[in-house]
**Q** 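Shown below is the structure under consideration.
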Amino acid sequence: MFEEFKSAFHKYNNAPVQLIIINVVLFIALAVLNVIMSYTPYPEAFDILHRQFSLPPGFVEFLSRPWTLITYMFTHDLSGILHILFNMLVLYWFGRLFTEYLGSDKLIALYVLGGLAGGIAFLLAYNTIEVLIARQPLGLVGASASINAIVVATAVLLPNYTFFLLFFGPVRIKYIAGITVLLSFIGANASGGNVGGNIAHLGGALIGWVYMKQLQAGSNWGLWVTITLDWIKNLFKDKPRVKVSYRNDRPTPKAPGEKSSYTQEEIDAILDKISAGGYESLTKEEKEKLFNASKKS
């Protein structure tokens, strides 16, 4: 299984599967820890751990855990499987379509931008709107803001592309995106049960629309994400070791009249090298071999 996951990260244009693996692996790891710690004398310790991944609503608390602006978008509610299941299905469907036209780098960049926009919208709402300040939730988790960004961006790119939905038949993705945004707007009612989550969804949807419009105008708002991730990847790449070797390029002098003892295989290898890279690709020793071989009778 590990080898299959490792292979998924080396495949070209495989960002949807890579993002799904990260989300699912983190979900399983936290769920397993939750079960294990529930049998210890300190089950509440898991809540402390989980808070290190969820985005807090209070700005002061957020400053003590700023990394949660990134981690929350890969973390899901552990009380059931429907949250992560639905998110991953939508990510796969729309992510595949998006990647087919724009590539993995832009999908990953948009996923991060959508999560950042959703998290910032969540923080702003719970620190500036009086009715929400009084009823702050424990924290925000979920990839929904990122996925809403991908859904809306894909709908802007290919509004008339059709998905065949169970019970509904063919539906253009512009309508799927529109209904998704409308449901998030309705759910953002201040008296609702998931106000913060729906506000984050709207933030992600907005950045998805802006991102695609800017991309169509020739400006890539996610380029800084791609550059940053490439820099991080290069930190973990094995750098080639430089081997210092000394070679005597002078041919060994032969006695007068002595014939070269080069095999036909050596000569054929040299000729193949010339065919691939030209005569200048040969070393001095190889040139000498070829010259001496040409003098054979």
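Any value given below was found using the heavy atoms of this structure, including those in side chains, with hydrogens, waters and symmetry copies removed.
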**Q** Quick one: pull up CD1 in Ile207 and CG in Leu202 and give me the separation to the nearest 0.5 Å.
**A**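 Ile207 CD1 to Leu202 CG: 13.5 Å, rounded to 0.5 Å.
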
**Q** Quick check: closest heavy atoms across Ala145 and His201, and the distance to 0.1 Å?
**A** N-CD2, 4.1 Å

**Q** If you round to the nearest 0.5 Å, how far is CD1 of Ile20 from CD of Gln18?
**A**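 Output value for this atom pair is 10.5 Å.
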
**Q** So do the side chains of Ile173 and Pro159 get within less than 4.5 Å of each other, counting heavy atoms only?
**A**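 The answer is no, as the side chains (C-beta and beyond) never meet within the 4.5 Å cut-off.
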
**Q** I need the minimum non-hydrogen distance between Ala205 and Val181, along with the two atoms involved.
**A** CB-CG2, 3.9 Å

**Q** His83 vs Ser144, test: side-chain contact (heavy atoms from CB on, under 4.5 Å). Steps then yes/no.
**A** CA-CA 9 Å; His83 185 204; Ser144 300; 3.8 Å; yes

**Q** Would you please indicate if the ring centroids of Phe62 and Tyr126 are separated by under 6.0 Å?
**A** no

**Q** Verify the cluster assignment for Ile133 and Leu124: are they in a single hydrophobic cluster under the rule of side-chain heavy atoms below 4.5 Å apart?
**A**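 No; tracing contacts between hydrophobic side chains, which count when under 4.5 Å, never links both residues.
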
**Q** Do Asp105 and Leu223 have side-chain heavy atoms sitting under 4.5 Å apart?
**A** no

**Q** Less than 4.5 Å apart, any side-chain heavy atom of Ser146 and any of Met73?
**A** yes

**Q** In terms of hydrophobic clusters joined by side-chain contacts under 4.5 Å, are Val195 and Leu138 together?
**A**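 No; Leu138 is not reachable from Val195 via cluster members.
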
**Q** Are the side chain of Arg65 and the backbone N or O of Arg51 linked by a donor-acceptor pair below 3.5 Å?
**A**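 Yes.
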
**Q** Out of curiosity, Tyr211 OH to Gln216 CD, how far, rounded to the nearest 0.5 Å?
**A** 11.0 Å

**Q** Between the side chain of Asn14 and the main-chain N/O of Val17, is any donor-acceptor distance below 3.5 Å?
**A** no

**Q** Give me the atom names and distance for the closest heavy-atom approach of Ala15 to Leu107.
**A** CB-CD2, 3.8 Å

**Q** If hydrophobic clusters are built by linking Ile, Leu, Val, Met, Phe, Trp and Tyr wherever their side-chain heavy atoms come under 4.5 Å apart, do Trp209 and Leu183 end up in the same one?
**A**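 No, separate clusters.
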
**Q** With sequence neighbours left out, write down each residue that passes ring-ring contact (aromatic ring centres under 6.0 Å, His included) with Phe163, or none if nothing qualifies.
**A**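 ring-ring contact (aromatic ring centres under 6.0 Å, His included) list for Phe163, sorted by chain: Phe94, Tyr161.
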
**Q** Under 3.5 Å, is there a donor-acceptor pair between the side chain of Ser54 and the main chain of Tyr72?
**A**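 Checked: no pair found.
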
**Q** From Lys174 NZ over to Ile179 CD1, what is the distance, rounded to the nearest 0.5 angstrom?
**A** 12.5 Å

**Q** How far apart are the closest heavy atoms of Gln136 and Gly58, and which atoms are they?
**A**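 Looks like OE1-N, 3.8 Å.
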
**Q** Search all heavy atoms of Gly114 against all heavy atoms of Ala149 and return the closest pair with its distance.
**A** CA-CB, 3.7 Å

**Q** Is any side-chain heavy atom of Thr75 closer than 4.5 Å to one of Leu30?
**A**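 In short, these two side chains touch, coming nearer than 4.5 Å.
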
**Q** I'd like to check Asn198 versus Phe185 (side-chain heavy atoms, cut-off strictly below 4.5 Å). Are they in contact?
**A** no

**Q** Could you tell me whether the side chain of Met212 reaches within less than 4.5 Å of the side chain of Val152, counting heavy atoms only?
**A** no

**Q** Nearest 0.5 Å, please: how far is CG in Leu215 from NZ in Lys106?
**A**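 Reported value, rounded in 0.5 Å steps: 6.0 Å.
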
**Q** Walk me through whether Gln214 and Asn220 qualify under side-chain contact (heavy atoms from CB on, under 4.5 Å).
**A** CA-CA 7 Å; Gln214 288 298 309; Asn220 185 0; over 6 Å; no

**Q** Do Phe164 and Pro170 have side chains that approach each other closer than 4.5 Å (heavy atoms only, starting at C-beta)?
**A**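 Yes - at least one pair of side-chain heavy atoms lies under 4.5 Å apart.
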
**Q** How about Tyr92: does its OH atom have over 12 heavy atoms from other parts shown lying under 6.0 Å from it?
**A**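 At most 12 heavy atoms, drawn from other residues, nucleotides or ligands, come within 6.0 Å of this atom.
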
**Q** Distance from Ile199 atom CD1 to Leu123 atom CG, nearest 0.5 Å?
**A** 11.0 Å

**Q** Using side-chain contact (heavy atoms from CB on, under 4.5 Å), reason through Leu110 and Phe98 one step at a time and then give a plain yes or no.
**A** CA-CA 10 Å; Leu110 180 56; Phe98 183 98; 3.8 Å; yes

**Q** Please find the pair of heavy atoms, one from Ala109 and one from Gly222, that lie closest to each other, and give the distance.
**A**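 Heavy-atom minimum between the residues: CB-O, 3.5 Å.
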
**Q** For the pair Gln52 (side chain) and Ile48 (backbone), establish whether a donor and an acceptor sit closer than 3.5 Å, ignoring hydrogens and angles.
**A** yes

**Q** Same cluster or not: are Val112 and Ile227 linked, directly or through other Ile, Leu, Val, Met, Phe, Trp or Tyr residues, by side-chain heavy atoms under 4.5 angstrom apart?
**A**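 The answer is no; the residues belong to distinct hydrophobic clusters.
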
**Q** So, are Arg96 and Glu100 salt-bridged, with charged N and O less than 4.0 Å apart?
**A** no

**Q** Near Ile70 CD1, under 6.0 Å, is it more than 12 heavy atoms from other residues, nucleotides or ligands?
**A** yes

**Q** Regarding Thr180 and Asn148, is there a side-chain donor-to-acceptor distance under 3.5 Å anywhere?
**A**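 Checked: Thr180/Asn148 side chains show no N/O donor-acceptor pair below 3.5 Å.
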
**Q** Quick one: does any side-chain atom of Asn23 pair with a main-chain N or O of Met88 as donor and acceptor, under 3.5 Å?
**A** no

**Q** Report whether Ile120 and Leu55 are members of the same hydrophobic cluster (ILVMFWY, side-chain heavy atoms less than 4.5 Å apart, transitive linking).
**A** no

**Q** Take Phe74 and Val141 through the test side-chain contact (heavy atoms from CB on, under 4.5 Å) and record every step on the way to the result.
**A** CA-CA 8 Å; Phe74 297 98; Val141 293; over 6 Å; no

**Q** Are side-chain heavy atoms of Leu91 and Asn87 found at a separation under 4.5 Å?
**A**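 Side chain of Leu91 against side chain of Asn87, heavy atoms only: no contact under 4.5 Å found.
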
